[in-house]
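Notes to accompany the following structure.
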Amino acid sequence: MDRNVAVIGSGIGGLSAALDLQTKGFQVDLYEKNAFTGGKAGCEKGGGFTFDTGPSLLTMPFVFEDLLKKAGIEARDVMPVRKLDIICKYFFSDGTVLNAFSDQERIIEEFREKTSDSPEDIRRFFNYCRRMYEDAKDLFLFNSLEDIPEFFRENPLKGIAIISGLDIFRTLHGSHRRFFKDSNTVQLFDRYATYSGSDPYLIPATLNIIPHVEYGIGAYVPEKGIRAIPRVLAETATAKGVRIFTGQKVDSVIVGNKDIRGIRSCGREVPYSKVVSNADVSYTYKYLLDDRVTKMARRYDKLEPSSSAIVFYWGIKGIFSELEINNIFFSSDYRKEFREIFLERSCPEEPTVYVNITSKYCPEDAPEGHENWFVLVNVPYDTGQDWEREALRIKARVLDILERRLKKDITGNIIYERIMTPCDIYEKTLSNKGSIYGISSNSKFAAFFRQPNRSVDYKGLYFAGGSAHPGGGMPLVALSGMIASELIARN
Ligand SMILES: Cc1cc2nc3c(=O)[nH]c(=O)nc-3n(C[C@H](O)[C@H](O)[C@H](O)COP(=O)(O)OP(=O)(O)OC[C@H]3O[C@@H](n4cnc5c(N)ncnc54)[C@H](O)[C@@H]3O)c2cc1C
């Protein structure tokens, strides 16, 4: 068996695939168009501040522990993580402020005190989320889609029980309305739709596995910031023998008779019989394979991308002790906000604002007496909007919301600013229309439509990343890389 593999892209999915394959005895060459590795999980410095440019919250850290362990590394030695006591501080439009403690008894008490929902309601909901996660994880998260038919052949009754327990026919919002009386509780749990870049009024209630991931397993941050994840993966991969070529865009994948023959990059052709694409699936079909005809190529041309984001990276003078590491300022009309993002494809008039401050746990990320604010607003994917103008409009709305809710001047305390729009996300990672989580899950069967990690059309082509199975978000893209690696090893 030819043991040379090319990986296109050094997002967390690409790095995970490369490391896992090299650990399994393959020789991996990883090509990355940027001068740096990590893709969306990037890092930037400016004005004395350091910012993680993309993800801010780590869930399922055991995925990275397993990946590194297979390579002979203890994650706690190279990438210690810290469990957050307060996962997020929620500021509701009616003035209610609720701390989402990671301790289940404390958060249940917080809901009892601040909402009209009873501890029994919250417990019943957490149990339902845990059951769904336990049922779905092996079939839909940790393994290849290829294994599902065999599972159903061998365990038909169990398979049917799992599918019917996934609550596919209700929306996320619909299920929360059934569990809770208080509209603030409903809004808090509806927000998890944004973890897959989707709309809570459309996405199936199956996504309720996420509250279990966050409250049952826990929410974490690496002590040295999210940037530690791609850095450790790239360093470990290099130490194991992966050759990482940064600044080398792959222009096309060479195919002969539907067999992978190699890649073309920087005017050179390099032969490979196996290629893992960590590039966006639709980009892979359109530009790397020049394929507009196979079933998956046509499907990905039509599937709705996930939402995108405008992010303000602000260096702030002063310390805001009323804020936690993660803070959400909810809009007063969530339904309208999602209608604007997904149906009207316009930026929300009154956005929900997420503020993440890593200098609260990584003091070196900001000069003394200052904080580094990562301020994110969900917006539609790029359909040609004037993003410069939109960013200025959103900035004014965000400042108005934050200053009114915190009753403090923020505008005058911004001493550094950089802005990222959906266009910048596209430029940086070539994700479809600047989407941040691959495809949206706004339809009942979206999870089943995802690109499997092994191509059925091209022998030797594999996919790893947020737009392929099992989906977006750091632990899932790492799983996607590990599943692709496992399929290559299986041959
Ligand atoms: C603002 C923001 C906030 C987020 N918040 C969270 C969060 O809190 N928690 C969480 O878990 N997830 C979060 N995510 C999502 C998470 O970042 C992504 O799901 C994940 O990092 C995507 O990894 P990936 O493997 O799909 O690759 P990507 O990060 O998309 O990287 C793909 C890489 O491939 C390279 N590439 C593409 N085409 C080529 C080519 N032709 N040749 C060479 N190289 C190529 C690109 O340059 C890029 O480096 C967030 C994302 C963003 C943008």
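Whatever order the structure lists ligands and atoms in, that order sets their numbers, starting from 1. These figures come from a predicted structure and were not determined experimentally. Values reported hereafter were calculated over all heavy atoms of this structure, with side chains retained and with hydrogens, waters and symmetry mates removed.
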Are N326 and Y354 close enough that a side-chain donor and a side-chain acceptor fall under 3.5 Å?
yes
Assess, by modelled atom type and distance only, whether the side chains of S102 and D85 contain a donor and an acceptor separated by less than 3.5 Å.
no
Would you kindly say whether S10 and T37 are connected by a side-chain donor-acceptor distance under 3.5 Å?
no
Can you tell me if S282 and D280 form a side-chain donor-acceptor pair at under 3.5 Å?
yes
With a 3.5 Å cut-off and no angle check, do the side chains of T246 and Q248 form a donor-acceptor pair?
no
When you pair each N or O of ligand 1 with protein N or O atoms, which pairs come out under 3.5 Å?
{"residue": "ligand 1", "atom": "8 (O)", "partner": "S56", "partner atom": "N", "Å": "3.0"}
{"residue": "ligand 1", "atom": "8 (O)", "partner": "L57", "partner atom": "N", "Å": "3.2"}
{"residue": "ligand 1", "atom": "9 (N)", "partner": "L57", "partner atom": "O", "Å": "3.1"}
{"residue": "ligand 1", "atom": "11 (O)", "partner": "M474", "partner atom": "N", "Å": "2.7"}
{"residue": "ligand 1", "atom": "19 (O)", "partner": "G473", "partner atom": "N", "Å": "2.8"}
{"residue": "ligand 1", "atom": "25 (O)", "partner": "I12", "partner atom": "N", "Å": "3.4"}
{"residue": "ligand 1", "atom": "25 (O)", "partner": "G13", "partner atom": "N", "Å": "2.7"}
{"residue": "ligand 1", "atom": "25 (O)", "partner": "N278", "partner atom": "ND2", "Å": "2.8"}
{"residue": "ligand 1", "atom": "26 (O)", "partner": "G466", "partner atom": "N", "Å": "2.8"}
{"residue": "ligand 1", "atom": "29 (O)", "partner": "K40", "partner atom": "N", "Å": "2.7"}
{"residue": "ligand 1", "atom": "30 (O)", "partner": "K40", "partner atom": "NZ", "Å": "2.6"}
{"residue": "ligand 1", "atom": "41 (N)", "partner": "V250", "partner atom": "O", "Å": "2.9"}
{"residue": "ligand 1", "atom": "42 (N)", "partner": "V250", "partner atom": "N", "Å": "2.9"}
{"residue": "ligand 1", "atom": "44 (N)", "partner": "K33", "partner atom": "N", "Å": "3.1"}
{"residue": "ligand 1", "atom": "47 (O)", "partner": "E32", "partner atom": "OE2", "Å": "2.7"}
{"residue": "ligand 1", "atom": "47 (O)", "partner": "N34", "partner atom": "ND2", "Å": "3.3"}
{"residue": "ligand 1", "atom": "47 (O)", "partner": "K428", "partner atom": "O", "Å": "3.4"}
{"residue": "ligand 1", "atom": "49 (O)", "partner": "E32", "partner atom": "OE1", "Å": "2.7"}
{"residue": "ligand 1", "atom": "49 (O)", "partner": "E32", "partner atom": "OE2", "Å": "3.2"}

Do the side chain of N34 and the main chain of F36 share a donor and acceptor less than 3.5 angstrom apart?
no
